Peer 1: 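Supplied in structure tokens, the structure appears directly below.
Given the structure is predicted, the values throughout are model-derived calculations rather than measurements. What you see below is based on every heavy atom in this structure, not just the backbone, and it leaves out hydrogens, waters and symmetry mates.
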Amino acid sequence: MARGTRKTAVLKLGGVGALAALLFAGGLQLASAGENGRPATTAAAQTVNCPTVRDKLPAVPAAAAAQVERELANLDQEIARQNERLARQAVRPEGGPNFVDNAILGPLRSKRVAALDRIEIAFNRVGAQRPDLDALATCGLN
């Protein structure tokens with residue numbers, strides 16, 4: 001009687017091991033599959049592509065230099081922030097087909113318009129010719 005119990009226990013253990021191996025293999029296959037069961041691709045995330053500002057500025061008056069540098073740093077930080085957001089979007093998409101335009105590029109343009117206006121005002125405050133930077137506000141994607 002003891003022999004029959006041991007044989008049953010071994011068979012059960014073998015069945016559990018086979019089931020575990022099968023589940024593990026299936027899990028690996030699912031983990032490597034992308035959307036709709038197709039293989040996942042590791043495409044690079046899109047990045048924001050904005051016109052450069054520093055090289056388009058006329059000579060910056062010394063009295064305006066600190067304000068201009070602050071605003072140029074703000075522009076760079078905002079681009080970096082939106083690139084991080086695009087990277088997250090590539091991993092875990094959110095929103096609909098217009099999400100990038102409405103949630104990333106639109107607000108980025110508004111922030112760039114404000115920063116470029118502050119740069120223009122900094123020039124104007126010290127009596128220098130106010131540069132026209134409006135064309136540098138709109139960004140696209142790489």
Peer 1: Should Val100 and Val48 be regarded as members of a common hydrophobic cluster, given that ILVMFWY residues are connected when their side-chain heavy atoms come within less than 4.5 Å of each other, either directly or indirectly?
Peer 2: yes
Peer 1: Can Leu86 be reached from Phe99 by stepping across I, L, V, M, F, W or Y side chains whose heavy atoms are under 4.5 Å apart?
Peer 2: yes
Peer 1: For Asn74, enumerate each residue passing the side-chain hydrogen bond (donor to acceptor under 3.5 Å, both in side chains) test, keeping only those at least two apart in sequence or located in another chain.
Peer 2: Glu71
Peer 1: Arg130: what forms a side-chain hydrogen bond (donor to acceptor under 3.5 Å, both in side chains) with it, not counting sequence neighbours?
Peer 2: Glu120
Peer 1: Which heavy atom in Ala103 sits nearest to a heavy atom in Arg85, and how many Å separate them?
Peer 2: O-NH1, 3.0 Å
Peer 1: Using 0.5 Å steps for rounding, measure from the CD atom of Glu78 to the CG atom of Asn83.
Peer 2: 10.5 Å
Peer 1: Which residues pass the side-chain hydrogen bond (donor to acceptor under 3.5 Å, both in side chains) test with Glu69, sequence neighbours left out?
Peer 2: Arg54
Peer 1: Under the disulfide (SG to SG under 2.5 Å) definition, can you give me all pairs with a residue in residues 88-120, not counting sequence neighbours?
Peer 2: none
Peer 1: With rounding to the nearest 0.5 Å, note down the distance linking CZ in Arg70 to CZ in Arg118.
Peer 2: 10.5 Å
Peer 1: How far does CD1 of Ile79 sit from CG of Asp76, to the nearest 0.5 angstrom?
Peer 2: 6.0 Å
Peer 1: Taking the basic N atoms (NZ, or NE/NH1/NH2) and the acidic carboxylate oxygens, is any pair closer than 4.0 Å for Glu84 and Arg81?
Peer 2: no
Peer 1: Taking only distance into account, with no hydrogens and no angle test, what donor-acceptor pairs under 3.5 Å do side-chain atoms of residues 131-142 form with protein atoms, sequence neighbours excluded?
Peer 2:
residue : atom : partner : partner atom : Å
Thr138  : OG1  : Arg109  : NE           : 3.0
Asn142  : OD1  : Asn49   : ND2          : 3.2
Asn142  : ND2  : Thr47   : OG1          : 2.8

Peer 1: Carefully, step by step, assess Cys50 and Leu75 under the rule side-chain contact (heavy atoms from CB on, under 4.5 Å).
Peer 2: CA-CA 10 Å; Cys50 297; Leu75 291 172; over 6 Å; no
Peer 1: Report whether Ile119 and Val113 are members of the same hydrophobic cluster (ILVMFWY, side-chain heavy atoms less than 4.5 Å apart, transitive linking).
Peer 2: no
Peer 1: Could you tell me whether the side chain of Arg88 reaches within less than 4.5 Å of the side chain of Arg92, counting heavy atoms only?
Peer 2: no
Peer 1: Are any non-hydrogen side-chain atoms of Phe123 and Gln129 less than 4.5 angstrom apart?
Peer 2: no
Peer 1: Would you compute the distance between atom CG of Leu116 and atom CG of Leu72 and round it to the nearest 0.5 angstrom?
Peer 2: 8.5 Å
Peer 1: Do Glu94 and Gln89 have side-chain heavy atoms sitting under 4.5 Å apart?
Peer 2: yes
Peer 1: Could you tell me which residues satisfy side-chain hydrogen bond (donor to acceptor under 3.5 Å, both in side chains) with Ser110, sequence neighbours excluded, listed by chain and number?
Peer 2: none
